[in-house]
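Single-structure report; data block below.
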Amino acid sequence: MKICFVGPPSLTEPAEPSVGYRDEIAGLAEMAPIGILTLAAVLEQHGLVPRIVDLNRFYYDHLLARAAGHAEEDLCAYAAARLARLGDDLYAMGTISSSYPLTVRIARELKRLRPDAAIVLGGPQASVVDVPTLEAFQFIDVIVRGEAEESLPALLRALSGQRALDSVPGVTYRCGNRVMRNPNASVTVDLDALPIPAFHLYPGEKRGCPTLALELGRGCPFACKFCSTNDFFRRNFRLKSPVRVIEQMHFANAAYGAVKFDLIHDMFTVDRRKVAAFCHAMIESKTNYTWYCSARTDSVDDDLIALMSAAGCDGIFFGIETGSPRLQKVIDKHLDVGKAAAVVDSTARHNMSTTTSMIIGFPEEERGDVEATVGFLIDSCRHDPIKPQIHMLAALAETPLHSRYRDKLVLDPVWSDFYGEAWTHDSESRQLIADHPELFPNFYVLPLSEDRDYLQELRNFVLFGLKRCRWMIVALQAECRGDFLGLFDQWLRWNIEQGRTERPPVYYSDISFADDLLTFVGEHYLTKINPASVATAGMLRYQIALRTTTERSPDFLAHGVPGSGAAQLTSLPNIAENVYLIDLDVDVIAIREALRRRELPAQMPWGPCSLAVRLRPDRRADLLQLPPLAAQLLRMCDGRTSFKEIVNRMEIPAAFRAIPTEEVARLGVETLAEQELITMMSF
């Protein structure tokens, strides 16, 4: 039997047809579907070598084909035709809630093209809506529920006639006109016994992949009302042993060059002793690997975070969800908000790239709860390593939240942002969602005490405001003193005065939003609301200077390698890509440091301030204050002025005149290169 695994579509950002295509494709290796790769490795142990297809890759291929005029608009038809041409006997398709309509549509078209092939669904979404899915769609043959290491090989034997289908645990299937649901399969107790995921079967470039995902464990013992993860793993918490995880890291490093690992487990830190054991094992292994994990803020403290950092943890995800103590109890999350803030501060002190994820749109939510959630998120962004997330709540199928509000969900043009933006909301998907609310509840609107359109726009304002003007938003929140929503209301009224009565979600992701925000702060907030502002006024000057500087396109494109080589007389030092030099008359570093301490400066810190600003791909900005000599050197690093010319033009401060000019320049240029602010080329 020829088997094809189809990874679930998981992209959340739309892409252009040609911009960054190679980088995006290369980055897919970091998003490899670890569950499917593990199942593929299990089948290899049974003598089967499945094919693995990544629908994310199909998405990029389809964009390019469309741009060249070689493909129709419909991604589903394109993907199904490519799958059908493979000629496999069984297509096992992974599912997640955000792209389930797309998966169902591809399965339907695939069955039309290959009526004799078996269509099998698995994964979190199909597992919880198995019976209604089979009742609704005759083109889907079987659904494998939950963990499938035992049930999938048994299903394949049944489909080959080697055993009865009704003896296969964990599957739902059709028998004539009836849908049959066999008892659950056992969970995999000994995760160490699972084989290393079959990365060698994953399509695309394998070698030179610096980041890979590895499964650390399964199961979450908590029962948050909005979450579906605990149901999929039946709340059975398990961890792989440190020895096994490190062994897989060594394998991935030797085979693919991986040095950074996304350790997949929803709740790694539940058992402190096991976390400590893993960290000590990592330290004793003397590797240089780094890793990322997920945790609850009430299951870590400063000592454990320090140990994790020493063991190579440089990133952590916290699903905090709400900054309201009242709502923490309502949703059964039960986090101490004050302790959560202290833990976020701790990770920042250890320079961990920490994601703080929040949700708004709970049915029981009141304005004060929203204010607390937005305030918590913005306050956490006082730290550079923090990556903010804020989502609109979606009713995931068969969660306690969905069960309670099942009969009150409403289909609304304002779709849940849980639906991946990369997948087009075409009329066919919309009709499918409308016809089957029990299968796609996450696209429906929950009853809210606050206006949903208002919350959606607030979410976009906060998220993209932090992305474009982070420190100005932090300053605004600090100055609003618990009434950031009042400021947002002023923003809405100001837009109406400007003649912008409607602002679609795409408006906030565009640079025009940042321009309008700067205008609003300068012409309205600082003149009518808070003329005495120091922090926001200073940060506005910085944002305007940054916006003006980044608009200037250099007339040269060549870039060397950051930090490469020593300064020679023939070198052409060039400011690095996405690095900008800004000269201000306000010490914004002093303002930033006051905001970090949750303080507001009493007076404007006037004085010359030269900043080197490095913009990251996610628009976060690293700020480095430069002494006058370093700023002078960086201004001359334009890719056209040789190091020899720089030496001749330098104005040496009196303190350095005893040292030869060439040595001062060489030390300065090489320091800028070490800081990755310039590149070095030769002519």
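What's counted below: heavy atoms across the whole structure, side chains too, no hydrogens, waters or symmetry copies. This chain uses plain numbering: 1 for the first residue, then up along the sequence.
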message: Checking the side chain of T548 only, and the main-chain atoms of I544 only, is there a donor and an acceptor separated by less than 3.5 Å?
response: yes

task: Measure the shortest side-chain to side-chain distance between V344 and I320 over non-hydrogen atoms and say whether it is less than 4.5 angstrom.
output: yes

message: Does L476 form a side chain to side chain contact (heavy atoms under 4.5 Å, CB included) with M539? I'd like the steps, not just the answer.
response: CA-CA 10 Å; L476 285 167; M539 285 303 167; over 6 Å; no

- prompt: Among side-chain atoms of N56 and S10, is any donor-acceptor pair under 3.5 angstrom?
  reply: yes

query: Hey, does D587 have a side-chain heavy atom less than 4.5 Å from the side chain of C609?
result: yes

field: Nearest-0.5 Å distance that lies between atom SG in C637 and atom CD in Q632
entry: 10.5 Å

statement: Across all chains, not counting sequence neighbours, the side chain to side chain contact (heavy atoms under 4.5 Å, CB included) partners of E479 are Y525, N530, S533, A535, T536, L600

- request: Determine whether D262 and W291 make a side-chain contact, defined as any pair of heavy atoms from C-beta on separated by less than 4.5 Å.
  value: no

Interatomic spacing from CG in L540 to CE in M472 - rounded to 0.5 Å: 6.0 Å

ring-ring contact (aromatic ring centres under 6.0 Å, His included) between F513 and F464, intermediate numbers included: CA-CA 8 Å; F513 160 61; F464 290 103; 7.4 Å; no

- prompt: Closest heavy-atom contact between E645 and R640?
  reply: OE1-O, 3.9 Å

- request: Would you sort out whether L526 and V521 count as a side chain to side chain contact (heavy atoms under 4.5 Å, CB included), showing the intermediate values?
  value: CA-CA 6 Å; L526 292 177; V521 170; 4.2 Å; yes

- request: Please determine if D345 and R382 form a salt bridge, counting it only when a charged side-chain N lies under 4.0 Å from a carboxylate O.
  value: yes

field: Contact list for residues 293-307, test salt bridge (charged side-chain N to carboxylate O under 4.0 Å, His left out), sequence neighbours left out
entry: R272-D301, R296-D298, D302-R349

- prompt: Partners of D515 by side-chain hydrogen bond (donor to acceptor under 3.5 Å, both in side chains), sequence neighbours excluded?
  reply: R547

field: Nearest-0.5 Å distance, CD of residue Q477 to CG of residue L487
entry: 10.0 Å

- request: Please lay out, stage by stage, how W491 and F461 fare under the test ring-ring contact (aromatic ring centres under 6.0 Å, His included).
  value: CA-CA 10 Å; W491 158 261; F461 178 84; 5.4 Å; yes

- request: Mind listing the closest non-hydrogen atom pair of L304 and S299 along with its distance?
  value: CD2-O, 3.8 Å

- prompt: Does CD in E651 sit with more than 12 non-hydrogen atoms of other residues, nucleotides or ligands closer than 6.0 Å?
  reply: no

Validation row: D384, R596 side chains within 4.5 angstrom (heavy atoms): yes

message: Run the side-chain hydrogen bond (donor to acceptor under 3.5 Å, both in side chains) test against N460 and tell me which residues pass, sequence neighbours left out.
response: none

query: After noting the C-alpha distance and the side-chain angles of L626 and L677, does the key distance pass the side chain to side chain contact (heavy atoms under 4.5 Å, CB included) rule?
result: CA-CA 11 Å; L626 299 176; L677 298 179; 4.2 Å; yes

message: Would you compute the distance between atom CE of M358 and atom OG1 of T322 and round it to the nearest 0.5 angstrom?
response: 6.0 Å

Inter-residue atom distance T549.OG1 - Y580.OH, 0.5 Å rounding: 9.0 Å

Validation row: Q248, F261 side chains within 4.5 angstrom (heavy atoms): no

message: Under a 4.0 Å threshold between the charged nitrogen and the carboxylate oxygen, would E662 count as salt-bridged to R666?
response: yes

field: Donor-acceptor contact present, side-chain D585 to main-chain P608, <3.5 Å
entry: no

message: With a 4.5 Å cut-off on side-chain heavy atoms, are Q675 and L624 touching?
response: yes

- request: Work out which heavy atom in R500 is nearest to a heavy atom in W494; give both atom names and the distance.
  value: NH2-CZ3, 3.1 Å

field: Considering all heavy atoms, the nearest I390-R459 contact
entry: O-NE, 2.9 Å

- prompt: Is the shortest heavy-atom distance from the side chain of F268 to the side chain of I316 under 4.5 Å?
  reply: no

statement: Residue pairs meeting salt bridge (charged side-chain N to carboxylate O under 4.0 Å, His left out), one or both in residues 503-512, sequence neighbours left out, come to E457-R503

query: Any donor and acceptor pair, going by atom type alone, linking the side chain of E676 with main-chain N or O of A576 inside 3.5 Å?
result: no

query: What's the shortest heavy-atom distance between S380 and I386, and which atoms?
result: O-CG1, 3.1 Å

statement: So CG of L463 and CG of L458: to nearest 0.5 Å the spacing works out to 10.5 Å

Short side-chain to backbone donor-acceptor contact, T290 and C313, under 3.5 Å: no

message: Does anything in residues 277-289 form a salt bridge (charged side-chain N to carboxylate O under 4.0 Å, His left out)? List the pairs, not counting sequence neighbours.
response: none

Backbone N/O of A306 and side chain of S309: donor-acceptor pair under 3.5 Å: no

query: Checking side chain to side chain contact (heavy atoms under 4.5 Å, CB included) for the pair F278/L263: CA distance, chi angles, key distance, verdict?
result: CA-CA 12 Å; F278 173 77; L263 299 183; 3.8 Å; yes

query: Do Y508 and L517 have side-chain heavy atoms sitting under 4.5 Å apart?
result: no

Shortest non-hydrogen contact from M650 toward T661: CB-CG2, 4.3 Å

